[in-house]
2 protein chains.
Amino acid sequence: MELVRIYECLCEPTRLRLLHVLAAGPLCVCHFQAVMREPQVKISKHLGYLRTRGLVECEREGNWMIYRLPAKPSRELRSNLACLQDCVRENPVFRRDRARLAKLAPRLAQTGPACCP
Amino acid sequence: MELVRIYECLCEPTRLRLLHVLAAGPLCVCHFQAVMREPQVKISKHLGYLRTRGLVECEREGNWMIYRLPAKPSRELRSNLACLQDCVRENPVFRRDRARLAKLAPRLAQTGPACCP
DNA sequence: GATTCATATTCCCTCTAAGGAATATGAATC
DNA sequence: GATTCATATTCCTTAGAGGGAATATGAATC
């Protein structure tokens, strides 16, 4: 069942953080590293896991890989992502990620979701 | 995070079926067996898994163990159970479980959630 | 074409889950 | 107190997840 594949993705904290950050817009891997302060392997592997199960999509842009939530999510995925956002709204870890992301906002506005210093 | 524990429970099809059936009301293990047509070990183990993570509660009644959804679910649990019920509404496997449960309804009305032939 | 940079993959290890067969538990009944 | 019934637990095996170190890939730049 597709639903089980979705829940498999959701039962790991790093992946929840990735999805929560992505809800704010597309992002490249190095920005995830900056926002979440986690090692590159970890982030890349979990994004790969999400990708093979259709919870994120990605596209190369020069050196960077830009990840985004699916353009046309299934009903199940849409419901569950909404539920997730609602559940973590007040969680400190997730708020911190969003705060760090907000600090990158000006740079993102200039350069798009890719590119690091 | 508690949320992750919830998703861990939701990423296995048998457990999703158990929770879906429970949403209709408390039930004993042998009735789960009848409704879901799965071996006793399997059902008992998954109920145990759900119990240790707080997704179900149980109480002994004579020979029978009556399982039910928590009386006071957390906000996260409530949201996710609602989301689940919504997602599986049209799924054949889940509908079949409910149909078999409906056939037991008259007997349940007489005897309560426990008791087998 | 060699180097650099961002990202992905491989390899190794540890841990947990899942299923089934067999057995244990605990309440009820004779 | 022995048996029966519903349920739980143990033991075994297999499979997959998760983390990190090291290495590979692929695009861009010099």
Side-chain angles (χ1 to χ4, degrees), chain A residues 1 4-18 21-22 26-53 55-68 104 107-108 111-117, chain B residues 1 4-18 21-22 26-53 55-68 104 107-108 111-117:
Chain A
M1 211 190 341
V4 170
R5 303 280 282 177
I6 293 178
Y7 288 131
E8 282 171 357
C9 289
L10 299 181
C11 67
E12 207 282 333
T14 308
R15 290 198 289 265
L16 291 188
R17 293 172 67 195
L18 288 169
V21 170
L22 271 184
L27 215 61
C28 68
V29 178
C30 61
H31 278 144
F32 278 115
Q33 287 178 243
V35 164
M36 296 172 48
R37 309 269 168 96
E38 295 283 354
Q40 184 256 328
V41 207
K42 195 168 174 180
I43 291 187
S44 178
K45 273 190 187 172
H46 283 301
L47 284 170
Y49 189 103
L50 292 172
R51 188 162 55 83
T52 61
R53 281 157 179 83
L55 269 78
V56 303
E57 294 169 350
C58 68
E59 180 191 14
R60 179 176 279 277
E61 189 170 307
N63 271 333
W64 297 272
M65 287 295 279
I66 313 299
Y67 283 86
R68 42 172 51 85
L104 292 179
R107 198 179 308 169
L108 291 176
T111 61
C115 160
C116 288
Chain B
M1 211 189 340
V4 170
R5 304 280 281 178
I6 294 178
Y7 287 131
E8 281 170 355
C9 289
L10 299 181
C11 67
E12 206 282 331
T14 306
R15 290 198 290 265
L16 291 188
R17 293 172 67 195
L18 288 169
V21 170
L22 271 184
L27 215 60
C28 69
V29 178
C30 61
H31 278 145
F32 278 116
Q33 288 178 242
V35 164
M36 295 173 48
R37 311 267 168 96
E38 295 283 353
Q40 185 256 329
V41 206
K42 194 169 173 179
I43 291 187
S44 178
K45 272 190 189 173
H46 283 301
L47 284 170
Y49 188 103
L50 291 172
R51 187 163 55 83
T52 60
R53 282 159 180 82
L55 269 78
V56 304
E57 294 169 349
C58 67
E59 181 192 13
R60 178 176 281 278
E61 189 170 308
N63 271 332
W64 295 272
M65 287 294 280
I66 313 298
Y67 283 86
R68 43 172 49 86
L104 293 179
R107 197 179 309 170
L108 292 176
T111 63
C115 159
C116 289

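Note: hydrogens, waters and symmetry copies are ignored here, and every other heavy atom, side chains too, is used. Remember, it's a predicted structure, so these values are computed and weren't measured experimentally. Throughout, protein chains are lettered first and strands after them, A, B, ... in sequence-line order, and every chain is numbered starting at 1.
- Here the nucleotide nearest the side chain of B:Ser44, chosen from D:dA8, C:dA18, C:dT9, is D:dA8.
- C:dA17 atom P lies 7 Å from atom CD of B:Glu8, rounded to whole Å.
- Residue B:Phe32 is classed as having no contact, given no heavy-atom separation below 4.0 Å to the nucleic acid.
- For D:dC5, the OP1/OP2 oxygens have no side-chain nitrogen or oxygen of B:Arg60 closer than 4.0 Å.
- The distance from atom CE of A:Met65 to atom C1' of D:dT25 is 12 Å, rounded to the nearest whole Å.
- With both pairing distances under 3.5 Å, C:dT29 is matched to D:dA2 as a Watson-Crick or G-U wobble pair.
- Residue A:Glu61 contributes atom CD, which lies 19 Å from atom P of C:dC5 at whole-angstrom precision.
- Donor-acceptor pairing under 3.5 Å, judged by distance alone, is present between the side chain of B:Lys45 and the base of C:dG19.
- Each of C:dG20, C:dA17, D:dG18 was ranked by its minimum atom distance to the side chain of B:Lys42; first place goes to C:dG20.
- Separating the CD atom of A:Glu59 from the P atom of D:dG26 is a distance of 17 Å, rounded to the nearest angstrom.
- Pairing partner, D:dT23: C:dA8, with both Watson-Crick or wobble hydrogen-bond distances short of 3.5 Å.
- In this structure, the side chains of A:His31 and A:Val21 stay at 4.5 Å or more apart for every pair of heavy atoms.
- Counting only heavy atoms from C-beta outward, the side chains of A:Lys42 and A:Met36 never approach each other to under 4.5 Å.
- Between A:Trp64 atom CH2 and C:dA8 atom P there is a gap of 14 Å when expressed in whole angstrom units.
- Contact check, A:His31 against C:dA6: no side-chain N or O comes under 4.0 Å of OP1 or OP2.
- Of the candidates C:dA17, D:dG18, D:dA8, D:dG18 carries the atom nearest the A:Tyr49 side chain, counting heavy atoms from C-beta on.
- Nearest nucleotide to the side chain of B:Val41, out of D:dG19, C:dG26, C:dA21: C:dA21.
- Minimum interatomic distance between B:Leu16 and B:Leu10 (heavy atoms only, all atoms of both residues): CD2-O, 3.2 Å.
- Between the CD atom of B:Gln40 and the P atom of C:dT25 there is a distance of 15 Å, rounded to whole Å.
- Contact annotation: B:Arg51 does not reach the phosphate of D:dT7 (side-chain N/O to OP1 or OP2, under 4.0 Å).
- For the pair B:Ile43 CD1 and D:dA8 P, the computed distance is 10 Å after rounding to whole Å.
- Considering every non-hydrogen atom in both A:Cys11 and B:Glu8, the closest pair reads CB-N, 3.6 Å.
- The interatomic distance linking A:His46 (NE2) with D:dA17 (P) rounds to 11 Å, in whole Å.
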